[in-house]
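Remember, it's 1-based here, ligands and their atoms both numbered in the order they're listed. The structure displayed is predicted, hence computed values, not measured ones.
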Amino acid sequence: MATNNAGSTKGFCFAATVFSALCAVVAKTLIERRTEFQHALRAWYRTHARSLPWRDEPSLYKTVVSEFMLQQTQVKTVLPYLARWLAELPDFPALAAAPEARVLKLWEGLGYYSRARNLHRLAQQVAAWPTMKRTPEAWRELPGVGPYTSAAITSISFGAPAACVDGNVVRILARLTADATDFRDSASASKSFTPLAEALLPAASPGDHNQAMMELGATVCFRHNPLCLTCPVQAFCAAARRGEPEAFPRLAAKQMEQRSVTRVWCEHEGNLLLHRSAAGARRFANIHELPTAEQAALDPTRVARGELLAKKRRGITRFQITESIYAAAAPRRPLPAELVWVSLAELASLTLSGPHRRWVAEIAAKRNA
Ligand code: SF4
């Protein structure tokens, strides 16, 4: 038995080594044909790129704001937010001078509010630069800017030779090379494909090339059912040749941790009790939500014997959270500073997290029906 295991492990290692050597050969061939690849991609991008505000009338500011908004959020969701944002905060000085509460209000519903706070702080730093900095290294010093965002901003705005490697690009490169490496997460996959992405980057218009790769991932090389028959780089794609594009990339499934939370709906004379996170809170600073039973100093077990108004689920990073919202009597004791009574009529002027904005509207409508 021991001999068999050792034999099969050896066999597996040998197969893995041969396979990784084959991937390296495929990647090398792709790099040798990079000029052809770049031309095919660029020609397709010129005729097929979607019309988007940051492309139609590009500016550094629009590129920066759109890149922040597009982290974790789809283009169609971002478009109305970006239009409102640009109308009110049209440039770095305007954003730098805006109060944080206003910035968060404009961001309300996009989620991941640390992006808005980082963008605000970034604008304050950029507005104070005596001259514009144009390298990815300089931009990476700014709040909320990692390797991908710095490459996107500086390649698009300044023609810096920096390759963008996000989930879309990883998917395309893994398929082009049929790379069957098992990646533990998307960060390690991005790191692994960065040298190939850099080798494929043209010296002329690297920003267009980066945008073309992202566009290909967003509109053709879908995670499921990629449109290989109409793909401009199908002739270079090892996964399509093997007839199994969806087998790549091989990323370990994200482990989600389940959490439950009991929240309270305390309504009194047209006012609703809300919890406002502290200004220094990591995720939801200055954002209002329905309080948890503990925040309202109520016993969760007793609260859970009351009327269940809604049971909702939401995902935050690696947590899948079930939020049960119960009607509860207002706490009698003096309230801590982070609990505030808000008139239902004035809710619109506050910043709530996106899910709580929807849930509050839904429950209020049901109770007033
Ligand atoms: Fe993706 Fe298919 Fe194009 Fe390959 S041929 S890059 S799998 S869409």
Side-chain angles (χ1 to χ4, degrees), residues 16 18-52 55 70 72 74-76 147-148 151-152 155-156 162-202 204-254:
V18 169
F19 199 85
S20 106
L22 281 176
C23 289
V25 170
V26 175
K28 187 166 174 278
T29 310
L30 180 61
I31 293 168
E32 281 164 3
R33 295 177 67 197
R34 65 176 169 268
T35 310
E36 247 182 285
F37 174 83
Q38 291 159 356
H39 283 161
L41 184 67
R42 195 179 318 140
W44 169 82
Y45 181 65
R46 283 199 182 131
T47 50
H48 289 80
R50 289 167 296 175
S51 162
L52 295 168
R55 286 186 189 150
L70 287 166
Q72 325 267 358
Q74 293 186 335
V75 167
K76 69 174 190 303
Y148 167 81
S155 67
I156 294 169
C164 295
V165 189
D166 68 348
N168 279 334
V169 175
V170 163
R171 192 164 62 251
I172 296 167
L173 296 180
R175 289 173 176 179
L176 289 172
T177 55
D179 189 325
T181 307
D182 287 310
F183 294 105
R184 67 175 185 281
D185 54 27
S186 49
S188 60
S190 299
K191 203 170 165 197
S192 170
F193 282 110
T194 295
L196 177 57
E198 285 171 346
L200 294 176
L201 195 70
S205 307
D208 283 353
H209 174 91
N210 279 333
Q211 292 197 82
M213 288 290 278
M214 292 184 242
E215 191 73 356
L216 189 71
T219 63
V220 176
C221 193
F222 300 125
R223 188 182 308 270
H224 300 297
N225 303 317
L227 309 177
C228 300
L229 290 179
T230 54
C231 176
V233 295
Q234 190 204 19
F236 306 87
C237 186
R241 264 197 306 280
R242 288 167 51 164
E244 47 174 5
E246 291 187 34
F248 310 94
R250 293 172 55 134
L251 280 169
K254 213 169 164 186

For a quick test of your reading: what N or O donor-acceptor pairs under 3.5 Å do the side chains of residues 214-234 make, sequence neighbours left out?
from: Glu215; atom 1: OE1; to: Arg50; atom 2: NE; distance (Å): 3.4
from: Glu215; atom 1: OE1; to: Arg50; atom 2: NH2; distance (Å): 2.9
from: Glu215; atom 1: OE1; to: Arg55; atom 2: NH1; distance (Å): 3.2
from: Glu215; atom 1: OE1; to: Arg55; atom 2: NH2; distance (Å): 2.8
from: Glu215; atom 1: OE2; to: Arg50; atom 2: N; distance (Å): 2.9
from: Glu215; atom 1: OE2; to: Arg50; atom 2: NE; distance (Å): 2.8
from: Glu215; atom 1: OE2; to: Arg55; atom 2: NH1; distance (Å): 3.4
from: Thr219; atom 1: OG1; to: Glu215; atom 2: O; distance (Å): 2.7
from: His224; atom 1: ND1; to: Glu246; atom 2: OE1; distance (Å): 3.4
from: Thr230; atom 1: OG1; to: Leu227; atom 2: O; distance (Å): 3.3

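Considering every non-hydrogen atom in both Phe193 and Thr177, the closest pair reads CE2-OG1, 4.1 Å. Here the closest non-hydrogen pair linking Ser192 and Pro195 is O-CD, 3.4 Å. Pairing each heavy atom of Arg171 with each of Phe248, the nearest pair is CG-O, 4.4 Å. Shortest non-hydrogen contact noted between Cys237 and Arg175 is SG-O, 3.5 Å.
Side-chain contact check for Leu41 versus His209: some heavy-atom pair is nearer than 4.5 Å.
Distances under 2.8 Å from atom 1 (Fe) of ligand 1 pick out the protein N/O/S atoms Cys221 SG.
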